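In the text below, chain A, chain B and the rest are named by the order of the sequence lines, each starting its count at 1. In this text, all values refer to a predicted model and were calculated from it rather than measured experimentally. What's counted below: heavy atoms across the whole structure, side chains too, no hydrogens, waters or symmetry copies.
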Amino acid sequence: MAREFTEQEEVRRAALDRLHEEGVRPYGYGWDVTHHAEEVLASYDDAKHGAEDAAEPVERFEVSLAGRIMSRRIMGKASFLHLQDESGQIQVYVRRDDLPEGFYNTVFKKLLDIGDIIGVTGFAFRTRMGEVSVHAERVELLAKALRPLPVEKETDGKVFNEITDKEFRYRQRYVDLIVHPDVRSVFKQRATIISGMRRFLDERGYIEVETPVLQPVYGGAAARPFKTHHNALGMPLFLRIADELYLKRLIVGGFDGVYEISKDFRNEGLSRYHNPEFTMMELYVAYRDYGWMMSLVEEMVETLAIALHGKPEVTSGERTISLARPWRRLPLFDAIAEKTGRDLRGLERDALASVATELGLEVDGAMGSGKIIDEVFGEFVEPHLIDPVFITDYPVELSPLAKRHRTKEGLVERFEAIVNGKELCNAFSELNDPIDQRSRFEDQVALGRRGDSEAMQLDEDYLRALEYGMPPAAGLGVGIDRLTMLLTGQDSIRDVILFPLLKPEAASEQEQAPDGP
RNA sequence: GAUCCCGUAGCUCAGUUGGCAGAGCAUCUGACUUUUAAUCAGAGGGUCCCUGGUUCGAGCCCAGGCGGGAUCACCA
């Protein structure tokens with residue numbers, strides 16, 4: 001079914017036909033780019049290239065750029081436009097008499113539009129109004145835009161044509177990126193964070209590995225998986241919810257430090273903090289424990305913040321948060337006591353339940369003591385932890401893969417870093433006792449039988465690996481999306497994921513996709 | 001899943017007690033060789049989300065639906 005075109009689309013399609021008639025190729029093959037807009041602006045030198053009132057420049061500043069037309073000011077025999085490339089925008093001055101016969105009047109004025117991608121060569125100069133610009137001597141169309149671009153115009157705080165519809169911005173991220181430089185900037189910063197993290201880990205000698213996304217047995221976290229099917233083997237497979245168990249197999253295999261930066265998938269709800277596929281960095285280091293890992297985390301996050309902002313500080317709304325080392329280390333029960341005034345240490349399940357109820361939580365019979373403690377923490381403590389803090393020593397039943405605490409009964413050597421009221425990472429001294437691990441898995445299987453859809457599966461092969469002997473090790477998982485939110489000051493995960501999951505688009509524009517084989 | 005809010009031109013939004021569908025920007029035509037929200041003169045553009053109801057008359061009131069957002073709950 002043919003889509004109806006808007007008036008502006010009709011105009012552009014008519015222009016496309018005219019271009020063909022005029023013998024102008026509307027979609028080019030490339031352009032020899034010598035400069036980006038920002039470089040020209042940064043390296044322009046009035047003394048050499050001419051100030052606005054200078055007679056003749058000492059030397060011509062030859063440039064060749066390519067980009068998108070973002071605005072046009074057309075006059076009789078000369079025009080201005082703003083060209084946007086990846087680096088930013090620069091003004092271009094186009095004169096009829098500098099271009100081939102007829103090009104200015106028939107092609108440039110009539111057939112080019114905002115949104116078209118062009119190549120420009122010429123020389124940089126400073127206009128009478130003082131703006132460094134490119135005096136075009138050659139203009140070529142590289143790609144005709146058939147849809148109008150919602151380009152913003154701004155003057156003295158008044159903004160016209162701004163796209164504020166979040167849905168539009170997420171669905172048509174390519175448009176969002178064109179018209180919002182700050183959105184481009186967030187994703188450049190995301191790349192800086194990931195490459196900085198990779199460098200940090202590589203410098204320490206840890207090896208980047210790749211483990212299966214499709215897993216016959218999923219594990220390593222408490223979450224519901226996506227299920228799929230392999231036709232040739234006729235077997236169900238799960239998209240990984242974590243990398244953990246495979247990475248620890250590699251520690252068994254003799255690697256002393258391995259990490260993986262990858263997508264994990266969890267079949268759960270969407271929110272400001274949750275997308276069904278998200279990016280995780282997991283790291284495992286042999287012969288280290290969780291105390292050592294805390295030092296590594298604070299150093300890594302501080303390093304990344306400095307790389308991004310020049311100082312170990314981030315902002316969230318009005319708030320400035322210092323990420324400078326060292327971070328406070330606070331046992332979970334102390335944190336709860338500090339914020340609620342209640343000491344939960346050593347309390348039995350029913351006593352915990354009544355304290356939680358007094359605090360105003362709803363407790364149902366299915367919740368074990370670990371779950372209740374977790375609820376109290378999540379409700380009354382975590383949201384109030386703004387400055388970075390390591391919360392340590394969690395109940396054993398919440399952490400089936402963590403090593404029992406060396407001195408504290410019923411707890412494991414686990415920590416989460418909390419910043420700005422949200423978990424940034426999760427880590428522990430890894431459980432390497434195969435007998436204990438088997439019984440923890442069995443507890444999980446029992447939970448699963450009682451209907452806990454997030455309980456872990458028993459992974460026989462992982463136990464086999466542990467039975468060969470795994471060195472003591474520290475493990476870490478960092479949510480890259482949330483780290484990026486923190487370091488770039490974004491308050492929705494959708495603003496740090498290029499293409500967040502959305503409901504399918506209503507059938508108006510999108511042809512219904514046929515089902516796969 | 002629950003609650004609240006929103007849906008009018010390409011974009012942002014007005015739209016009075018229910019009485020001819022509006023503005024800015026964008027688009028089109030013409031003028032203009034240093035503009036920058038260019039300017040000046042003119043023009044076109046609407047399934048007011050959908051369906052039904054009330055009414056002489058509905059963008060507005062009512063009911064149902066669809067789409068979206070925000071908050072809450074599970075999870076990183």
Euclidean distance for [atom1], [N] against [M] (whole angstrom):
N	M	atom1	value
B:U51	B:C66	P	15 Å
B:A21	B:G59	P	8 Å
B:U16	B:G42	C1'	31 Å
B:U55	B:U39	C1'	49 Å
B:U71	B:C61	C1'	29 Å
B:U47	B:C11	P	12 Å
B:G57	B:G69	C1'	34 Å
B:G10	B:G46	C1'	12 Å

(request) Determine whether any donor atom in the side chain of A:Arg128 lies under 3.5 Å from an acceptor atom in the base of B:U34, or the reverse, and answer yes or no. (result) no

For [X], answer base if it contacts any base atom (sugar-phosphate contacts may also be present), sugar-phosphate if it contacts only those atoms, and nothing otherwise; contact means non-hydrogen atoms under 4.0 Å.
X	result
A:Gly479	nothing
A:Asn426	nothing
A:Ile74	base
A:Phe125	base
A:Ala242	nothing
A:Arg224	nothing
A:Asp491	nothing

Complementary nucleotide for [N] - Watson-Crick or wobble, under 3.5 Å:
N	result
B:U54	none
B:G67	B:C6
B:G24	B:C11
B:U33	none
B:G1	B:C72
B:C60	none

Interatomic distance, [X] [atom1] vs [N] [atom2] [rounded to whole Å]:
X	N	atom1	atom2	result
A:His135	B:U35	NE2	P	15 Å
A:Glu382	B:C74	CD	P	11 Å
A:Met75	B:U34	CE	C1'	6 Å
A:Lys77	B:A31	NZ	P	9 Å
A:Tyr93	B:U35	OH	C1'	9 Å
A:Arg95	B:U35	CZ	C1'	14 Å
A:Lys109	B:U35	NZ	C1'	14 Å
A:His82	B:A38	NE2	P	9 Å

(request) Grab the two heavy atoms, one from A:Leu486 and one from A:Asn420, that are nearest each other, plus how far apart they are. (result) CD1-CB, 4.3 Å

Is it true that [Y] and [X] share a donor-acceptor pair across their side chains at a distance under 3.5 Å?
X	Y	value
A:Asp459	A:Tyr218	no
A:Arg414	A:Asn426	yes
A:Tyr259	A:Asp243	no

Can you figure out which of [options] approaches the side chain of [X] most closely?
X	options	value
A:Glu375	B:U36, B:U27, B:C74	B:C74
A:Glu268	B:U35, B:C75, B:G44	B:C75
A:Glu131	B:U33, B:U35, B:U36	B:U36
A:Arg494	B:C75, B:U33, B:G69	B:G69
A:Asp113	B:C28, B:C75, B:A38	B:C28
A:Lys110	B:U36, B:G30, B:U34	B:G30
A:Thr127	B:C74, B:U34, B:U33	B:U34
A:Gln8	B:U33, B:C74, B:U27	B:U27
A:Met129	B:G69, B:U27, B:U36	B:U36
A:Thr6	B:G44, B:G10, B:G69	B:G10

(message) Please confirm whether the shortest side-chain N or O distance from A:Arg73 to OP1 or OP2 of B:A38 is below 4.0 Å.
(response) yes

Is a side-chain donor or acceptor of [X] paired with a backbone partner of [Y] at a separation under 3.5 angstrom?
X	Y	result
A:Glu397	A:Gly370	yes
A:Ser429	A:Tyr290	yes
A:Asp481	A:Thr279	yes

(message) Under a 4.0 Å threshold between the charged nitrogen and the carboxylate oxygen, would A:Asp97 count as salt-bridged to A:Lys77?
(response) no

(request) For A:Arg72 and for A:Ile114, find the nucleotide of RNA chain B with the closest heavy atom, then tell me which residue's nucleotide is more 5'. (result) A:Ile114

(message) I want to confirm an ordering. Mapping A:Ala78 and A:Ile493 to their closest nucleotides on RNA chain B, which one lands closer to the 5' end?
(response) A:Ala78

(message) Before we go on, tell me: are the rings of A:Phe61 and A:Phe123 under 6.0 Å apart, centre to centre?
(response) no

